[in-house]
Amino acid sequence: MPYDTDPAPARRPTDPAPARRPTDPAPARRSTSAAVRRRPRTAAAGPAGRQEPDGPVAGPWIDDPYAHALGTGRGPLYLRRLFPPAPPHAAAGEGRLLPLDVERWCAAPDAVDTGVLDRCTGPVLDVGCGPGRLVAALAARGVRALGVDVSPAAVARTRRRGGTALRRSVFDRLPGEGRWGTVLLMDGNVGIGGDPVALLARLRTVAAPGSRLLAEAARGDVDEHLTVRVEDAHGRHGRPFPWARLGATALRRAAETAGWSVTDRWTAQERPFLELRRPPPPGRPTAAGRHGHP
């Protein structure tokens with residue numbers, strides 16, 4: 001599919017580096033202890049043969065038990081709260097271990113997912129697509145869709161299911177910015193980056209004027225900004241990272257702060273959702289009035 005990215009600019013030959021004088025201070029070495037190391041931005045072939053840069057070689061969702069769980073299609077898998085601690089007398093699923101529904105993510109879309117897909121107007125961008133059940137289902141309907149995820153295991157599984165996926169952070173440059181008709185933010189992905197307002201503001205630049213964003217909220221009246229890690233039932237775990245959990249009310253506040261209009265709110269099988277719209281500038285056509293590639 002023609003989700004093209006701009007080619008990397010050609011590198012010009014450089015003059016030889018001048019010899020350092022004995023009195024020059026040694027260049028400072030960057031610490032890698034707090035940063036994710038990246039491979040050189042050269043190599044991997046993406047969908048339709050396009051060249052795409054490699055993603056991080058280590059970090060959350062990459063070098064932790066998530067990849068193994070996607071390989072088997074089974075959990076149990078959790079986000080462990082590291083900070084702040086769980087509130088006393090927390091309800092089931094709200095304590096120190098927050099369950100991740102790996103089996104549902106790796107299965108075909110259920111009735112609730114199908115209701116969300118029925119609201120999609122192409123082209124569709126699925127942010128944090130995971131193993132690709134929604135991207136593949138949209139492709140089977142003939143709707144142009146692209147999944148983005150930092151996990152190589154998630155991207156590989158999405159492609160095996162017949163979907164198109166790109167290994168990329170949503171905060172990096174994406175194909176078709178400003179031209180997506182629908183953006184999906186499902187399965188708790190409102191928490192990406194730990195700052196929902198920043199995430200929603202970023203997605204507003206990705207979506208087309210007049211487009212919609214379909215977001216799944218957490219159950220209950222929650223508004224949490226956490227440090228968590230992915231962990232399995234045997235205590236194997238990955239690195240800590242920031243995360244957030246927003247119920248429907250908190251998600252509505254964050255969306256309005258980020259410049260979205262809330263146009264619908266519903267709950268299906270105890271899963272709450274919001275439909276958001278990016279208001280079009282006066283006189284501009286909306287995403288629903290356009291067709292074709294992003």
Side-chain angles (χ1 to χ4, degrees), residues 1-5 46-48 50 52 55 61-62 66 70 100-102 104-193 196 199-200 202-208 211-217 251 255 260 268 271 273-278 287-288 293-294:
M1 291 187 181
Y3 296 108
D4 295 329
T5 58
R50 186 189 63 254
E52 66 187 53
W61 311 107
I62 299 171
Y66 179 63
L70 291 193
L100 298 175
D101 202 351
V102 175
R104 180 171 62 81
W105 299 347
C106 290
D110 60 19
V112 178
D113 296 331
T114 299
V116 173
L117 297 178
D118 290 343
R119 294 174 177 251
C120 290
T121 301
V124 179
L125 180 70
D126 186 2
V127 176
C129 65
R133 74 187 190 283
L134 303 179
V135 175
L138 287 166
R141 294 182 177 203
V143 178
R144 298 186 183 278
L146 173 69
V148 293
D149 204 293
V150 297
S151 165
V155 169
R157 184 154 182 153
T158 299
R159 292 174 179 172
R160 287 197 301 270
R161 296 174 83 154
T164 302
L166 179 65
R167 188 181 171 199
R168 190 76 54 87
S169 165
V170 67
F171 294 104
D172 291 338
R173 182 179 172 276
L174 297 175
E177 293 206 6
R179 301 195 297 275
W180 294 97
T182 304
V183 178
L184 294 176
L185 204 55
M186 299 279 285
D187 303 326
N189 285 329
V190 167
I192 290 173
L199 174 62
L200 291 165
R202 165 61 177 145
L203 294 179
R204 194 171 181 273
T205 70
V206 170
S211 61
R212 60 167 60 93
L213 188 154
L214 302 173
E216 183 173 0
L251 178 54
W260 292 89
R271 291 169 60 188
F273 296 90
L274 267 67
E275 179 178 290
L276 314 176
R277 289 276 183 173
R278 178 186 169 188
H293 302 296

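Since we're looking at a predicted model, the values are computed, not measured. Heavy-atom basis, side chains included; hydrogens, waters and symmetry copies ignored.
- For the side-chain contact (heavy atoms from CB on, under 4.5 Å) test with D149, the passing option among N189, L166, V155 is V155; the others fail.
- Contact detail for P175 and L146: the closest heavy-atom pair is CG-CD2, 4.1 Å.
- In this structure, CG in L214 is found 10.0 Å from CG in L274, a value given to the nearest 0.5 Å.
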| What do the steps show when you test L70 against C106 for side-chain contact (heavy atoms from CB on, under 4.5 Å), and what is the final call? | CA-CA 7 Å; L70 291 193; C106 290; 3.9 Å; yes

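- For the atom pair CG (L117) and CG (L134), the distance works out to 5.5 Å, reported to the nearest 0.5 Å.
- Partners of R161 by side chain to side chain donor-acceptor pair (under 3.5 Å), not counting sequence neighbours: none found.
- Applying the side chain to side chain contact (heavy atoms under 4.5 Å, CB included) rule to A156 yields the partners R160; only residues at least two apart in sequence or on another chain are considered.
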| field | Stepwise side-chain contact (heavy atoms from CB on, under 4.5 Å) test for R202 and L174 | value | CA-CA 11 Å; R202 165 61 177 145; L174 297 175; 3.9 Å; yes

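- When the side chain to side chain donor-acceptor pair (under 3.5 Å) test is applied to E275, the partners found at least two apart in sequence or on another chain are R119, T263.
- Not counting sequence neighbours, T114 has no partner by the side chain to side chain donor-acceptor pair (under 3.5 Å) test.
- With sequence neighbours excluded, the residues that form a side chain to side chain donor-acceptor pair (under 3.5 Å) with R133 are D113, D187.
- Here the CH2-CG distance, from W260 to L213, works out to 4.5 Å after rounding to the nearest 0.5 Å.
- A salt bridge does not link D101 with R271: every distance from a Lys NZ or Arg NE/NH1/NH2 to an Asp or Glu carboxylate oxygen is 4.0 Å or more.
- In terms of modelled atom types and a separation under 3.5 Å, the side chain of R159 and the main chain of A165 share a donor-acceptor contact.
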| request: Start with the C-alpha distance between S151 and R157, add both sets of side-chain angles, then the distance that settles side-chain contact (heavy atoms from CB on, under 4.5 Å), and finish with yes or no. | output: CA-CA 10 Å; S151 165; R157 184 154 182 153; over 6 Å; no

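- Using a 4.5 Å heavy-atom threshold, the side chains of L185 and L199 count as touching.
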| V143 and T182: CA distance, side-chain angles, deciding distance, side-chain contact (heavy atoms from CB on, under 4.5 Å) verdict | CA-CA 11 Å; V143 178; T182 304; over 6 Å; no

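- The closest donor-acceptor contact from the side chain of R278 to the backbone of R204 lies under 3.5 Å.
- One finds the CG atom of D126 at 10.5 Å from the CH2 atom of W180 (value rounded to the nearest 0.5 Å).
- The backbone N or O of R277 sits nowhere less than 3.5 Å from a side-chain atom of R212 that would complete a donor-acceptor pair.
- Side-chain contact between L184 and C120: present, with at least one pair of heavy atoms (C-beta onward) separated by less than 4.5 Å.
- The backbone N or O of R179 lies less than 3.5 Å from no partner atom in the side chain of S211, so there is not a single donor-acceptor pair.
- In this structure, W105 contributes its side chain and G130 its backbone to no donor-acceptor pair below 3.5 Å.
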